[in-house]
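Beneath this line is the structure, given in C-alpha coordinates, with notes to follow.
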2 protein chains.
Amino acid sequence: MFSLSEENYLKSIYHLEAIHGKGISTNSIAKKLETKASSVTDMIKKLAEKEVLVYKKYQGVSLTKLGRKEATKIVRKHRLWEVFLVEKLNFSWDEVHDVAEQLEHIKSPKLIDELDVFLGFPKMDPHGDPIPDKDGKFQKIEKKLLSTLEENKIGICVGVNDSSSDFLKYLDKNNISLGQKIKVLSKESFDGSSTILINSKEITISKKISNNIYIQS
Amino acid sequence: MFSLSEENYLKSIYHLEAIHGKGISTNSIAKKLETKASSVTDMIKKLAEKEVLVYKKYQGVSLTKLGRKEATKIVRKHRLWEVFLVEKLNFSWDEVHDVAEQLEHIKSPKLIDELDVFLGFPKMDPHGDPIPDKDGKFQKIEKKLLSTLEENKIGICVGVNDSSSDFLKYLDKNNISLGQKIKVLSKESFDGSSTILINSKEITISKKISNNIYIQS
DNA sequence: AAATAATTTTAGTCTTGTCTAAAAAATTAT
DNA sequence: ATAATTTTTTAGACAAGACTAAAATTATTT
(Lines give C-alpha, C1' and ligand atoms only; values in the text may rest on other atoms or scores of the structure.)
Protein backbone atom coordinates (compact mmCIF):
# COMPACT_ATOMS: atom_id res chain seq x y z
CA MET A 1 0.00 0.00 0.00
CA PHE A 2 1.24 3.46 -0.83
CA SER A 3 0.82 6.69 1.08
CA LEU A 4 -0.68 9.76 -0.50
CA SER A 5 2.80 11.25 -0.88
CA GLU A 6 4.21 8.12 -2.41
CA GLU A 7 1.36 8.02 -4.91
CA ASN A 8 2.01 11.60 -5.92
CA TYR A 9 5.68 10.87 -6.51
CA LEU A 10 4.84 7.82 -8.59
CA LYS A 11 2.39 9.74 -10.70
CA SER A 12 4.79 12.62 -11.30
CA ILE A 13 7.63 10.35 -12.29
CA TYR A 14 5.28 8.47 -14.58
CA HIS A 15 4.27 11.67 -16.36
CA LEU A 16 7.87 12.84 -16.59
CA GLU A 17 8.94 9.53 -18.13
CA ALA A 18 6.21 9.89 -20.74
CA ILE A 19 7.85 13.10 -21.90
CA HIS A 20 11.56 12.60 -21.22
CA GLY A 21 12.05 8.86 -21.17
CA LYS A 22 13.92 6.96 -18.47
CA GLY A 23 16.28 8.52 -15.97
CA ILE A 24 14.25 11.28 -14.35
CA SER A 25 16.30 13.82 -12.41
CA THR A 26 15.73 14.68 -8.79
CA ASN A 27 15.35 18.30 -9.74
CA SER A 28 12.63 17.77 -12.32
CA ILE A 29 10.60 15.75 -9.84
CA ALA A 30 11.06 18.48 -7.25
CA LYS A 31 9.86 21.08 -9.73
CA LYS A 32 6.80 19.06 -10.70
CA LEU A 33 5.81 18.42 -7.10
CA GLU A 34 6.71 21.91 -5.95
CA THR A 35 9.01 20.58 -3.30
CA LYS A 36 12.76 20.55 -2.67
CA ALA A 37 15.32 18.27 -4.26
CA SER A 38 16.42 17.03 -0.85
CA SER A 39 12.90 15.89 -0.08
CA VAL A 40 12.82 14.05 -3.37
CA THR A 41 16.05 12.23 -2.58
CA ASP A 42 14.54 11.02 0.69
CA MET A 43 11.40 9.79 -0.98
CA ILE A 44 12.98 8.06 -3.96
CA LYS A 45 15.14 6.05 -1.59
CA LYS A 46 11.99 4.87 0.07
CA LEU A 47 10.33 4.08 -3.24
CA ALA A 48 13.41 2.22 -4.42
CA GLU A 49 13.14 0.05 -1.29
CA LYS A 50 9.59 -0.70 -2.29
CA GLU A 51 10.82 -1.70 -5.74
CA VAL A 52 8.63 0.64 -7.70
CA LEU A 53 11.64 2.43 -9.14
CA VAL A 54 15.34 1.99 -9.72
CA TYR A 55 17.68 4.54 -8.22
CA LYS A 56 21.42 5.01 -8.43
CA LYS A 57 22.92 8.01 -6.70
CA TYR A 58 23.26 11.03 -8.96
CA GLN A 59 21.77 9.05 -11.83
CA GLY A 60 18.08 9.87 -11.64
CA VAL A 61 15.31 7.29 -11.37
CA SER A 62 13.28 5.01 -13.62
CA LEU A 63 10.04 3.26 -12.78
CA THR A 64 10.02 -0.52 -12.63
CA LYS A 65 7.20 -2.51 -14.18
CA LEU A 66 5.53 -2.56 -10.77
CA GLY A 67 5.95 1.19 -10.43
CA ARG A 68 4.44 1.81 -13.83
CA LYS A 69 1.53 -0.42 -12.93
CA GLU A 70 0.87 1.51 -9.73
CA ALA A 71 1.16 4.84 -11.50
CA THR A 72 -1.22 3.72 -14.21
CA LYS A 73 -3.80 2.84 -11.58
CA ILE A 74 -3.63 6.36 -10.21
CA VAL A 75 -3.90 7.89 -13.67
CA ARG A 76 -6.92 5.71 -14.36
CA LYS A 77 -8.59 6.88 -11.20
CA HIS A 78 -7.78 10.52 -11.86
CA ARG A 79 -9.19 10.47 -15.37
CA LEU A 80 -12.32 8.50 -14.54
CA TRP A 81 -13.13 10.94 -11.78
CA GLU A 82 -12.63 13.80 -14.22
CA VAL A 83 -15.17 12.26 -16.56
CA PHE A 84 -17.58 11.84 -13.66
CA LEU A 85 -17.19 15.45 -12.60
CA VAL A 86 -17.76 16.82 -16.09
CA GLU A 87 -20.50 14.48 -17.23
CA LYS A 88 -22.48 14.04 -14.05
CA LEU A 89 -21.70 17.00 -11.81
CA ASN A 90 -21.58 19.89 -14.27
CA PHE A 91 -17.92 20.71 -13.79
CA SER A 92 -16.19 22.41 -16.69
CA TRP A 93 -12.92 21.01 -17.96
CA ASP A 94 -10.89 23.68 -16.24
CA GLU A 95 -12.40 22.93 -12.83
CA VAL A 96 -11.82 19.21 -12.54
CA HIS A 97 -8.13 18.88 -11.93
CA ASP A 98 -7.82 19.83 -8.26
CA VAL A 99 -10.75 17.70 -7.18
CA ALA A 100 -9.62 14.70 -9.24
CA GLU A 101 -6.21 15.15 -7.62
CA GLN A 102 -7.86 14.35 -4.31
CA LEU A 103 -10.26 11.68 -5.52
CA GLU A 104 -7.50 9.70 -7.23
CA HIS A 105 -6.18 8.66 -3.81
CA ILE A 106 -9.36 7.01 -2.57
CA LYS A 107 -8.65 3.36 -1.92
CA SER A 108 -11.38 0.89 -2.76
CA PRO A 109 -11.15 -2.21 -4.89
CA LYS A 110 -14.76 -1.88 -5.93
CA LEU A 111 -15.21 1.86 -6.27
CA ILE A 112 -13.22 2.61 -9.36
CA ASP A 113 -14.37 -0.31 -11.44
CA GLU A 114 -18.00 0.40 -10.62
CA LEU A 115 -17.41 4.02 -11.52
CA ASP A 116 -16.02 2.84 -14.83
CA VAL A 117 -19.18 0.79 -15.43
CA PHE A 118 -21.39 3.68 -14.36
CA LEU A 119 -19.68 6.02 -16.83
CA GLY A 120 -19.90 3.48 -19.64
CA PHE A 121 -16.19 2.65 -19.88
CA PRO A 122 -15.05 6.00 -21.26
CA LYS A 123 -11.88 5.90 -23.36
CA MET A 124 -10.77 9.45 -22.70
CA ASP A 125 -11.01 12.13 -20.10
CA PRO A 126 -12.37 15.66 -20.64
CA HIS A 127 -8.99 16.82 -21.95
CA GLY A 128 -8.70 14.05 -24.51
CA ASP A 129 -6.22 12.01 -22.50
CA PRO A 130 -6.67 8.25 -22.71
CA ILE A 131 -8.05 6.31 -19.75
CA PRO A 132 -6.31 2.99 -19.08
CA ASP A 133 -8.67 0.07 -18.64
CA LYS A 134 -8.83 -2.29 -15.66
CA ASP A 135 -5.69 -4.05 -16.88
CA GLY A 136 -3.77 -0.84 -17.44
CA LYS A 137 -4.09 -0.96 -21.23
CA PHE A 138 -4.42 2.33 -23.10
CA GLN A 139 -6.35 2.72 -26.30
CA LYS A 140 -3.91 4.30 -28.71
CA ILE A 141 -5.31 7.55 -30.04
CA GLU A 142 -4.06 8.95 -33.35
CA LYS A 143 -3.32 12.58 -32.79
CA LYS A 144 -0.96 15.35 -33.78
CA LEU A 145 -0.40 18.92 -32.79
CA LEU A 146 -2.50 21.56 -34.45
CA SER A 147 0.77 23.36 -35.18
CA THR A 148 1.74 20.55 -37.58
CA LEU A 149 -1.40 20.89 -39.68
CA GLU A 150 -0.84 22.48 -43.07
CA GLU A 151 -2.69 25.46 -44.51
CA ASN A 152 -6.20 24.75 -45.76
CA LYS A 153 -6.33 21.40 -44.00
CA ILE A 154 -9.01 20.49 -41.50
CA GLY A 155 -8.70 18.68 -38.17
CA ILE A 156 -10.87 17.70 -35.24
CA CYS A 157 -9.77 18.73 -31.78
CA VAL A 158 -9.16 15.54 -29.79
CA GLY A 159 -7.13 16.74 -26.85
CA VAL A 160 -4.94 19.32 -25.20
CA ASN A 161 -1.32 19.20 -24.19
CA ASP A 162 -1.70 21.68 -21.35
CA SER A 163 -4.54 21.30 -18.87
CA SER A 164 -3.95 24.47 -16.91
CA SER A 165 -7.05 26.36 -16.02
CA ASP A 166 -5.82 29.46 -17.87
CA PHE A 167 -5.33 27.64 -21.13
CA LEU A 168 -8.64 25.79 -20.92
CA LYS A 169 -10.49 29.01 -20.22
CA TYR A 170 -8.84 30.56 -23.24
CA LEU A 171 -10.10 27.66 -25.35
CA ASP A 172 -13.62 28.00 -23.94
CA LYS A 173 -13.61 31.68 -24.76
CA ASN A 174 -12.76 30.83 -28.35
CA ASN A 175 -15.20 27.94 -28.65
CA ILE A 176 -12.52 25.33 -28.91
CA SER A 177 -13.63 22.06 -27.35
CA LEU A 178 -13.17 18.35 -27.96
CA GLY A 179 -14.76 17.31 -31.22
CA GLN A 180 -14.59 20.83 -32.62
CA LYS A 181 -13.68 21.14 -36.31
CA ILE A 182 -10.71 23.43 -36.97
CA LYS A 183 -9.48 24.63 -40.34
CA VAL A 184 -6.11 26.26 -40.74
CA LEU A 185 -6.52 29.25 -43.04
CA SER A 186 -2.98 30.57 -42.97
CA LYS A 187 0.27 30.23 -41.10
CA GLU A 188 2.72 33.01 -40.41
CA SER A 189 6.26 31.71 -40.73
CA PHE A 190 7.77 34.63 -38.83
CA ASP A 191 6.29 33.80 -35.40
CA GLY A 192 4.49 30.54 -36.11
CA SER A 193 1.09 32.06 -35.45
CA SER A 194 -1.84 30.91 -37.54
CA THR A 195 -5.31 32.00 -38.47
CA ILE A 196 -7.90 29.30 -38.06
CA LEU A 197 -11.59 28.86 -38.72
CA ILE A 198 -13.85 27.70 -35.90
CA ASN A 199 -17.64 27.67 -36.14
CA SER A 200 -17.28 29.87 -39.25
CA LYS A 201 -15.36 32.41 -37.18
CA GLU A 202 -11.77 33.39 -37.93
CA ILE A 203 -9.32 33.74 -35.07
CA THR A 204 -5.58 34.12 -34.92
CA ILE A 205 -3.67 31.99 -32.45
CA SER A 206 -0.03 31.98 -31.42
CA LYS A 207 2.38 29.12 -31.90
CA LYS A 208 2.17 28.40 -28.18
CA ILE A 209 -1.56 27.81 -28.52
CA SER A 210 -1.36 25.57 -31.59
CA ASN A 211 1.39 23.61 -29.88
CA ASN A 212 -0.99 22.69 -27.09
CA ILE A 213 -3.95 21.50 -29.10
CA TYR A 214 -4.13 17.96 -30.42
CA ILE A 215 -6.12 17.22 -33.54
CA GLN A 216 -7.02 14.26 -35.68
CA SER A 217 -7.04 14.84 -39.41
CA MET B 1 -9.13 24.37 7.11
CA PHE B 2 -9.01 21.12 9.03
CA SER B 3 -6.72 18.18 8.58
CA LEU B 4 -7.99 14.68 8.04
CA SER B 5 -7.28 13.83 11.66
CA GLU B 6 -8.99 16.92 12.95
CA GLU B 7 -12.05 16.13 10.88
CA ASN B 8 -12.19 12.63 12.29
CA TYR B 9 -12.04 13.95 15.83
CA LEU B 10 -14.79 16.47 15.12
CA LYS B 11 -17.02 13.84 13.60
CA SER B 12 -16.50 11.41 16.48
CA ILE B 13 -17.20 14.01 19.12
CA TYR B 14 -20.27 15.07 17.20
CA HIS B 15 -21.63 11.52 17.16
CA LEU B 16 -20.80 11.01 20.82
CA GLU B 17 -22.62 14.22 21.75
CA ALA B 18 -25.69 12.99 19.88
CA ILE B 19 -25.83 10.02 22.23
CA HIS B 20 -24.41 11.30 25.52
CA GLY B 21 -24.94 15.04 25.39
CA LYS B 22 -22.28 17.61 26.18
CA GLY B 23 -19.06 16.89 28.05
CA ILE B 24 -17.49 14.04 26.11
CA SER B 25 -14.70 12.24 27.93
CA THR B 26 -11.21 11.82 26.57
CA ASN B 27 -11.52 8.08 26.99
CA SER B 28 -14.71 7.71 24.98
CA ILE B 29 -13.18 9.65 22.11
CA ALA B 30 -10.10 7.46 22.27
CA LYS B 31 -12.26 4.35 22.15
CA LYS B 32 -14.26 5.60 19.20
CA LEU B 33 -11.17 6.55 17.21
CA GLU B 34 -9.22 3.49 18.29
CA THR B 35 -6.40 5.61 19.63
CA LYS B 36 -4.94 6.45 23.03
CA ALA B 37 -6.31 8.91 25.56
CA SER B 38 -3.04 10.82 25.53
CA SER B 39 -3.31 11.38 21.80
CA VAL B 40 -6.83 12.65 22.32
CA THR B 41 -5.66 15.14 24.93
CA ASP B 42 -3.11 16.50 22.48
CA MET B 43 -5.63 16.86 19.72
CA ILE B 44 -8.44 18.41 21.72
CA LYS B 45 -6.04 21.10 22.88
CA LYS B 46 -5.38 21.89 19.25
CA LEU B 47 -9.07 21.89 18.42
CA ALA B 48 -9.84 24.11 21.39
CA GLU B 49 -7.30 26.60 20.00
CA LYS B 50 -9.20 26.53 16.75
CA GLU B 51 -12.38 27.25 18.68
CA VAL B 52 -14.36 24.29 17.45
CA LEU B 53 -14.70 22.91 20.95
CA VAL B 54 -14.50 23.94 24.58
CA TYR B 55 -12.08 22.11 26.78
CA LYS B 56 -11.35 22.34 30.46
CA LYS B 57 -8.81 19.96 31.95
CA TYR B 58 -10.36 16.77 33.31
CA GLN B 59 -13.82 18.00 32.29
CA GLY B 60 -14.27 16.53 28.84
CA VAL B 61 -15.11 18.55 25.74
CA SER B 62 -18.14 20.08 24.04
CA LEU B 63 -18.39 21.30 20.49
CA THR B 64 -18.94 24.98 19.88
CA LYS B 65 -21.44 26.19 17.31
CA LEU B 66 -18.58 26.40 14.82
CA GLY B 67 -17.47 22.88 15.68
CA ARG B 68 -20.94 21.52 15.21
CA LYS B 69 -21.18 23.26 11.88
CA GLU B 70 -17.93 21.70 10.71
CA ALA B 71 -18.96 18.26 11.93
CA THR B 72 -22.31 18.55 10.21
CA LYS B 73 -20.55 19.28 6.93
CA ILE B 74 -18.57 16.09 7.26
CA VAL B 75 -21.66 14.06 8.14
CA ARG B 76 -23.42 15.54 5.13
CA LYS B 77 -20.57 14.52 2.86
CA HIS B 78 -20.36 11.04 4.34
CA ARG B 79 -24.05 10.34 3.90
CA LEU B 80 -24.36 11.81 0.42
CA TRP B 81 -21.47 9.67 -0.74
CA GLU B 82 -23.16 6.63 0.78
CA VAL B 83 -26.28 7.35 -1.24
CA PHE B 84 -24.15 7.72 -4.35
CA LEU B 85 -22.40 4.41 -3.76
CA VAL B 86 -25.61 2.49 -3.20
CA GLU B 87 -27.77 4.11 -5.84
CA LYS B 88 -25.28 4.61 -8.63
CA LEU B 89 -22.43 2.19 -8.07
CA ASN B 90 -24.23 -0.95 -6.89
CA PHE B 91 -22.75 -1.00 -3.41
CA SER B 92 -24.81 -2.74 -0.75
CA TRP B 93 -25.50 -0.98 2.51
CA ASP B 94 -22.89 -2.97 4.38
CA GLU B 95 -20.13 -2.02 1.93
CA VAL B 96 -20.38 1.74 1.89
CA HIS B 97 -18.98 2.81 5.20
CA ASP B 98 -15.24 2.48 4.67
CA VAL B 99 -15.29 4.17 1.30
CA ALA B 100 -17.52 7.00 2.50
CA GLU B 101 -15.10 7.40 5.37
CA GLN B 102 -12.47 8.35 2.81
CA LEU B 103 -14.68 10.34 0.47
CA GLU B 104 -16.02 12.54 3.27
CA HIS B 105 -12.65 14.27 3.49
CA ILE B 106 -12.50 15.48 -0.11
CA LYS B 107 -12.39 19.24 -0.12
CA SER B 108 -14.28 21.03 -2.84
CA PRO B 109 -16.83 23.78 -2.49
CA LYS B 110 -18.62 22.66 -5.63
CA LEU B 111 -18.35 18.90 -5.45
CA ILE B 112 -20.70 18.09 -2.63
CA ASP B 113 -23.48 20.44 -3.61
CA GLU B 114 -23.43 19.20 -7.18
CA LEU B 115 -23.49 15.65 -5.87
CA ASP B 116 -26.54 16.60 -3.84
CA VAL B 117 -28.23 17.93 -6.99
CA PHE B 118 -27.21 14.86 -8.98
CA LEU B 119 -28.73 12.55 -6.37
CA GLY B 120 -31.93 14.59 -6.20
CA PHE B 121 -31.43 16.06 -2.71
CA PRO B 122 -31.88 12.81 -0.79
CA LYS B 123 -33.15 13.20 2.78
CA MET B 124 -31.61 10.03 4.19
CA ASP B 125 -28.69 7.73 3.63
CA PRO B 126 -28.89 3.98 2.98
CA HIS B 127 -29.14 3.29 6.72
CA GLY B 128 -32.00 5.68 7.28
CA ASP B 129 -29.88 8.40 8.83
CA PRO B 130 -30.87 11.93 7.91
CA ILE B 131 -28.72 13.99 5.54
CA PRO B 132 -28.27 17.63 6.55
CA ASP B 133 -28.93 20.10 3.76
CA LYS B 134 -26.55 22.78 2.49
CA ASP B 135 -27.31 24.90 5.56
CA GLY B 136 -26.82 22.04 7.99
CA LYS B 137 -30.52 21.57 8.66
CA PHE B 138 -31.78 18.07 9.32
CA GLN B 139 -35.22 16.87 8.38
CA LYS B 140 -36.66 15.45 11.59
CA ILE B 141 -37.69 11.87 11.05
CA GLU B 142 -40.30 10.28 13.33
CA LYS B 143 -38.96 6.95 14.41
CA LYS B 144 -38.84 4.54 17.30
CA LEU B 145 -37.12 1.29 18.07
CA LEU B 146 -38.74 -1.89 16.86
CA SER B 147 -38.35 -3.16 20.43
CA THR B 148 -40.94 -0.59 21.60
CA LEU B 149 -43.60 -1.77 19.18
CA GLU B 150 -46.44 -3.67 20.84
CA GLU B 151 -47.69 -7.09 19.84
CA ASN B 152 -49.85 -7.20 16.72
CA LYS B 153 -48.80 -3.72 15.67
CA ILE B 154 -47.21 -2.98 12.33
CA GLY B 155 -44.28 -0.69 11.50
CA ILE B 156 -42.17 0.28 8.53
CA CYS B 157 -38.40 -0.05 8.83
CA VAL B 158 -36.92 3.44 8.45
CA GLY B 159 -33.42 3.02 9.78
CA VAL B 160 -30.85 1.13 11.78
CA ASN B 161 -29.06 2.03 14.97
CA ASP B 162 -26.00 -0.06 14.21
CA SER B 163 -24.37 0.15 10.80
CA SER B 164 -21.80 -2.56 11.29
CA SER B 165 -21.34 -4.83 8.36
CA ASP B 166 -22.26 -7.89 10.44
CA PHE B 167 -25.59 -6.48 11.52
CA LEU B 168 -26.50 -5.25 8.03
CA LYS B 169 -25.68 -8.62 6.53
CA TYR B 170 -27.93 -10.26 9.11
CA LEU B 171 -30.73 -7.94 8.06
CA ASP B 172 -30.16 -8.70 4.38
CA LYS B 173 -30.30 -12.40 5.10
CA ASN B 174 -33.68 -11.91 6.75
CA ASN B 175 -35.06 -9.59 4.10
CA ILE B 176 -35.13 -6.60 6.36
CA SER B 177 -34.49 -3.41 4.44
CA LEU B 178 -35.60 0.22 4.52
CA GLY B 179 -39.30 0.49 3.71
CA GLN B 180 -39.95 -3.08 4.73
CA LYS B 181 -43.22 -3.73 6.60
CA ILE B 182 -42.74 -5.51 9.91
CA LYS B 183 -45.48 -6.93 12.14
CA VAL B 184 -44.78 -7.97 15.71
CA LEU B 185 -46.54 -11.27 16.33
CA SER B 186 -45.40 -11.91 19.87
CA LYS B 187 -42.90 -10.75 22.46
CA GLU B 188 -41.16 -12.93 25.00
CA SER B 189 -40.89 -11.08 28.29
CA PHE B 190 -38.17 -13.39 29.64
CA ASP B 191 -35.42 -12.39 27.21
CA GLY B 192 -37.08 -9.62 25.21
CA SER B 193 -37.00 -11.62 22.00
CA SER B 194 -39.87 -11.30 19.59
CA THR B 195 -41.40 -13.11 16.68
CA ILE B 196 -42.09 -10.89 13.72
CA LEU B 197 -43.66 -11.19 10.30
CA ILE B 198 -41.70 -10.12 7.24
CA ASN B 199 -42.82 -10.79 3.69
CA SER B 200 -45.32 -13.28 5.13
CA LYS B 201 -42.44 -15.13 6.79
CA GLU B 202 -42.15 -15.54 10.55
CA ILE B 203 -38.79 -15.05 12.19
CA THR B 204 -37.69 -14.74 15.77
CA ILE B 205 -35.26 -11.98 16.66
CA SER B 206 -33.42 -11.19 19.86
CA LYS B 207 -33.82 -8.04 21.91
CA LYS B 208 -30.44 -6.87 20.63
CA ILE B 209 -31.74 -7.00 17.08
CA SER B 210 -35.01 -5.21 17.76
CA ASN B 211 -33.09 -2.57 19.68
CA ASN B 212 -31.16 -1.71 16.55
CA ILE B 213 -33.99 -1.35 14.06
CA TYR B 214 -35.91 1.89 13.75
CA ILE B 215 -39.49 1.82 12.57
CA GLN B 216 -42.26 4.25 11.86
CA SER B 217 -45.74 3.18 12.91
C1' DA C 1 42.50 20.01 -17.53
C1' DA C 2 41.24 23.41 -14.18
C1' DA C 3 37.83 26.33 -12.66
C1' DT C 4 33.18 27.41 -12.22
C1' DA C 5 28.50 26.27 -12.04
C1' DA C 6 24.72 23.32 -11.39
C1' DT C 7 22.81 19.29 -9.43
C1' DT C 8 22.34 15.94 -5.94
C1' DT C 9 23.03 14.10 -1.51
C1' DT C 10 23.76 14.29 3.48
C1' DA C 11 23.09 15.94 8.04
C1' DG C 12 20.36 17.97 11.11
C1' DT C 13 15.87 20.27 12.25
C1' DC C 14 10.77 20.89 12.25
C1' DT C 15 5.76 19.68 12.28
C1' DT C 16 1.94 16.54 12.68
C1' DG C 17 0.06 12.96 14.88
C1' DT C 18 0.96 9.13 17.34
C1' DC C 19 2.78 6.28 21.37
C1' DT C 20 4.46 4.68 26.34
C1' DA C 21 5.32 5.53 30.99
C1' DA C 22 4.69 8.20 34.82
C1' DA C 23 2.35 11.85 37.40
C1' DA C 24 -1.89 14.22 38.68
C1' DA C 25 -6.70 14.53 39.36
C1' DA C 26 -11.20 12.61 39.88
C1' DT C 27 -14.12 8.80 41.14
C1' DT C 28 -15.46 4.80 43.73
C1' DA C 29 -15.15 1.77 47.52
C1' DT C 30 -14.24 0.71 52.16
C1' DA D 1 -12.60 10.33 55.20
C1' DT D 2 -9.19 7.76 53.55
C1' DA D 3 -7.69 4.23 50.40
C1' DA D 4 -7.95 2.10 46.02
C1' DT D 5 -9.13 2.53 41.37
C1' DT D 6 -9.95 4.77 37.16
C1' DT D 7 -9.39 8.57 34.16
C1' DT D 8 -6.79 12.22 32.39
C1' DT D 9 -2.75 14.79 31.63
C1' DT D 10 2.22 15.51 31.09
C1' DA D 11 6.74 14.41 29.53
C1' DG D 12 9.53 12.41 26.38
C1' DA D 13 10.09 9.62 22.20
C1' DC D 14 9.16 8.19 17.44
C1' DA D 15 7.86 7.97 12.31
C1' DA D 16 6.60 10.35 8.06
C1' DG D 17 7.50 13.90 5.23
C1' DA D 18 9.18 18.20 4.55
C1' DC D 19 12.90 21.96 4.99
C1' DT D 20 17.73 24.50 5.22
C1' DA D 21 22.50 24.60 4.90
C1' DA D 22 26.51 22.42 3.73
C1' DA D 23 29.15 18.79 1.41
C1' DA D 24 29.80 15.82 -2.55
C1' DT D 25 29.34 14.85 -7.24
C1' DT D 26 28.61 15.83 -12.01
C1' DA D 27 28.39 19.04 -15.91
C1' DT D 28 29.91 23.09 -18.28
C1' DT D 29 33.18 26.66 -19.39
C1' DT D 30 37.24 28.68 -20.36
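Values reported hereafter were calculated over all heavy atoms of this structure, with side chains retained and with hydrogens, waters and symmetry mates removed. Chain identifiers are assigned alphabetically (A, B, ...) following the order of the sequence lines, protein sequences preceding nucleic acid strands; residue numbering begins at 1 within each chain.
In this structure, CG of A/Leu4 is placed 15 Å from C1' of C/dT16, rounded to the nearest angstrom. Spacing between atom CE of A/Met43 and atom C1' of D/dA18 amounts to 10 Å, rounded to whole angstrom units. For A/Ile29 and C/dT7, the CD1 to C1' distance is 13 Å, given to the nearest whole Å.
Between D/dT7 and B/Ser25, no contact under 4.0 Å exists linking OP1 or OP2 to a side-chain N or O. Remark: B/Ser5 is not in phosphate contact with C/dT16, judged by side-chain N or O atoms under 4.0 Å from OP1 or OP2. Between B/Tyr9 and C/dT18, a side-chain N or O to OP1/OP2 separation shorter than 4.0 Å is present. Phosphate proximity of D/dT8 to B/Asn27: present, with a side-chain N or O under 4.0 Å from OP1 or OP2.
Between the side chains of B/Asp162 and B/Ser164, a donor-acceptor pair is found at a separation under 3.5 Å.
Residue pairs meeting the ring pair (Phe, Tyr, Trp, His ring centres under 6.0 Å) criterion with at least one partner in residues 64-92 of chain A, sequence neighbours excluded, are A/His78-A/His97, A/Trp81-A/Phe84, A/Phe84-B/Phe84. Evaluation of the salt bridge (Lys or Arg N to Asp or Glu O under 4.0 Å) test over residues 206-217 of chain B, restricted to residues two or more places apart or in two chains, returns none.
Few gaps surround NZ on A/Lys88; more than 12 heavy atoms of other groups in view lie less than 6.0 Å from it.
A cation-pi arrangement, defined by a distance under 6.0 Å to the six-membered ring centre and an angle within 45 degrees of its axis, is present between A/Lys143 and A/Tyr214. Judged by the 6.0 Å and 45° rule, A/Lys32 forms no cation-pi pair with A/Tyr9.
Every residue was checked against the salt bridge (charged side-chain N to carboxylate O under 4.0 Å, His left out) condition with B/Lys187, not counting sequence neighbours, and none meets it.
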Reading 5' to 3' through nucleotides 9-14 of chain C, protein heavy-atom contacts under 4.0 Å coded B for base, S for sugar-phosphate only, - for none: BB----

Only distances under 3.5 Å count here; give the side-chain donor-acceptor pairs of residues 35-43 of chain A to other protein atoms, sequence neighbours excluded, each with its distance to 0.1 Å.
from, atom 1, to, atom 2, distance (Å)
A/Thr41, OG1, A/Ala37, O, 3.1

Dot-bracket for DNA chain C, please, read 5' to 3', with Watson-Crick or G-U wobble pairs under 3.5 Å on both distances, ( ) within the strand, [ ] crossing, | other strand, . unpaired. ||||||||||||||||||||||||||||||

